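Notes follow once the structure below has been shown.
All values derive from a computational prediction rather than experimental measurement. In this chain, residues are counted from 1 in sequence order.
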Amino acid sequence: MILTKRASFDLSSDTEMTRRSKLATFRMCLLATATAIGGSFQFGLNLTLINSPTKAVQEFMNATWLSRHGEAVSPAGLLLLWSLVVAAYTAGGLLGALLAGPLAVRVGRRNGLLASNAFTISAALMMGLSRAVESFELLIAGRLVMGINSGIGLNLQPMYLGESALQSQRGALSMTTIIFCTIGLIVGQLVGLKQVMGEPHLWPLALSLPASLPPCSCCCCPGCPRVHGTCC
């Protein structure tokens, strides 16, 4: 009788532990997804989002130059302007990577991700309004600021996940960085297609709309435990 009760107790205990383990894994998956949307996913998304509407953006820059100077920009000048649009994002990423360390120490990992949303919102406004105000300089500045956000998120994401996850889950969560980066590359290429949002009147929306994802997702992230006296 006693053995039967003990076996029943052990069985129920194992079931409860299994349930808690599955619940913890599910929560960590949600945490990884919410964090990655503002981190590596955003990096990959904005890296390829500008590729498909290349012709539409170049036509916008040429038309803007024509309205200002009364003549079309030269092919070499157009190539230079387009190179600035593309390179501004990677230059911003470098600045963001340099800011990520001090930001993580000063305000913490989670708060650093939330603070970087200021760059996201600013970049979205600049890129979204660039065509309306006929300013390709605003587009270049928006790409630079968006790069700063991506650089911060790409560095803080693995730090935050590594310090929040259980020891048994850290290896799996560390893989989510490159996984969501790849997903962002694919989504960015698809969104920028002419059949989706690559039309001349839609590309500003395509560049600015994804910027609304990080502010929505990072608010769902809890604070991670204190590590070496630093609150996450």
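- Here the closest non-hydrogen pair linking Val145 and Ser122 is CG1-CB, 4.3 Å.
- By the rule that hydrophobic residues join a cluster once side-chain heavy atoms approach within less than 4.5 Å of another member, Leu98 and Leu156 end up as members of separate clusters.
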**Message:** Using side chain to side chain donor-acceptor pair (under 3.5 Å), reason through Ser40 and Gln157 one step at a time and then give a plain yes or no.
**Reply:** CA-CA 8 Å; Ser40 57; Gln157 176 191 341; 3.1 Å; yes
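- Residues satisfying the ring-ring contact (aromatic ring centres under 6.0 Å, His included) test with Trp65, not counting sequence neighbours, are His69.
- Taking 4.5 Å as the limit, some side-chain heavy atom of His201 sits within range of a side-chain heavy atom of Arg131.
- Separation of atoms CZ (Arg143) and CE (Met127) is listed at 7.0 Å; rounding is to 0.5 Å.
- With sequence neighbours excluded, the residues satisfying side chain to side chain contact (heavy atoms under 4.5 Å, CB included) with Ile186 are Thr182, Leu190.
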**Prompt:** When you look at Leu45 and Leu185, which way does the side chain to side chain contact (heavy atoms under 4.5 Å, CB included) test go after all the steps?
**Reply:** CA-CA 5 Å; Leu45 178 69; Leu185 291 170; over 6 Å; no
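- Here the CE atom belonging to Met61 is positioned 14.0 Å from the CD atom belonging to Glu134, to the nearest 0.5 angstrom.
- Here the side chains of Ser130 and Trp203 are in contact, with some heavy-atom distance below 4.5 Å.
- Val73 places none of its side-chain heavy atoms less than 4.5 Å from the side chain of Leu66.
- The structure places CG of Leu154 at 12.0 Å from CE of Met159, a figure rounded to the nearest 0.5 Å.
- Although no hydrogens or angles enter the test, the distance criterion places no donor-acceptor pair under 3.5 Å between the side chain of Asn111 and the main chain of Gly108.
- Of all non-hydrogen atoms in Ala72 and Asn62, the two that sit nearest each other are CB-OD1, 3.6 Å.
- For the atom pair Asn149 CG and Met146 CE, the distance stands at 6.0 Å (nearest 0.5 Å).
- Counting heavy-atom neighbours within 6.0 Å of Phe119 CZ, excluding the residue itself, gives a total of 12 or less.
- In plain terms, the two heavy atoms of Ser208 and Ala124 that are nearest each other are CB-O, 3.3 Å.
- The closest side-chain donor-acceptor pair between Asn46 and Gln42 falls under 3.5 angstrom.
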Which pairs would a plain distance check flag for residues 77-96, meaning a side-chain donor or acceptor within less than 3.5 Å of a matching protein atom at least two apart in sequence or in another chain?
{"unit_1": "Ser83", "atom_1": "OG", "unit_2": "Leu79", "atom_2": "O", "d": "2.7"}
{"unit_1": "Tyr89", "atom_1": "OH", "unit_2": "Phe43", "atom_2": "O", "d": "3.1"}
{"unit_1": "Tyr89", "atom_1": "OH", "unit_2": "Ser150", "atom_2": "OG", "d": "2.7"}
{"unit_1": "Thr90", "atom_1": "OG1", "unit_2": "Ala87", "atom_2": "O", "d": "2.8"}

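- Taking all atoms of both residues into account, the shortest heavy-atom contact from Ser116 to Ile152 is CB-CG2, 3.9 Å.
- The two residues Gln189 and Asn51 have their closest heavy-atom pair at OE1-ND2, 3.8 Å.
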**Trace of the side chain to side chain contact (heavy atoms under 4.5 Å, CB included) decision for Arg106 with Leu103** = CA-CA 5 Å; Arg106 183 173 294 271; Leu103 193 64; 5.7 Å; no
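- Side-chain contact between Val57 and Leu139: present, with at least one pair of heavy atoms (C-beta onward) separated by less than 4.5 Å.
- To the nearest 0.5 Å, atoms CG (Leu47) and SG (Cys181) are separated by 7.5 Å.
- Geometrically, Arg68 engages Phe136 in a cation-pi contact defined by less than 6.0 Å to the ring centre and at most 45° from the axis.
- A donor-acceptor contact shorter than 3.5 Å links the side chain of Asn155 to the backbone of Gly151.
- Annotation for Thr48 and Gly184: closest pair OG1-O, 4.0 Å, computed over non-hydrogen atoms.
- To the nearest 0.5 Å, the span separating CG on Leu113 from OG1 on Thr120 amounts to 10.0 Å.
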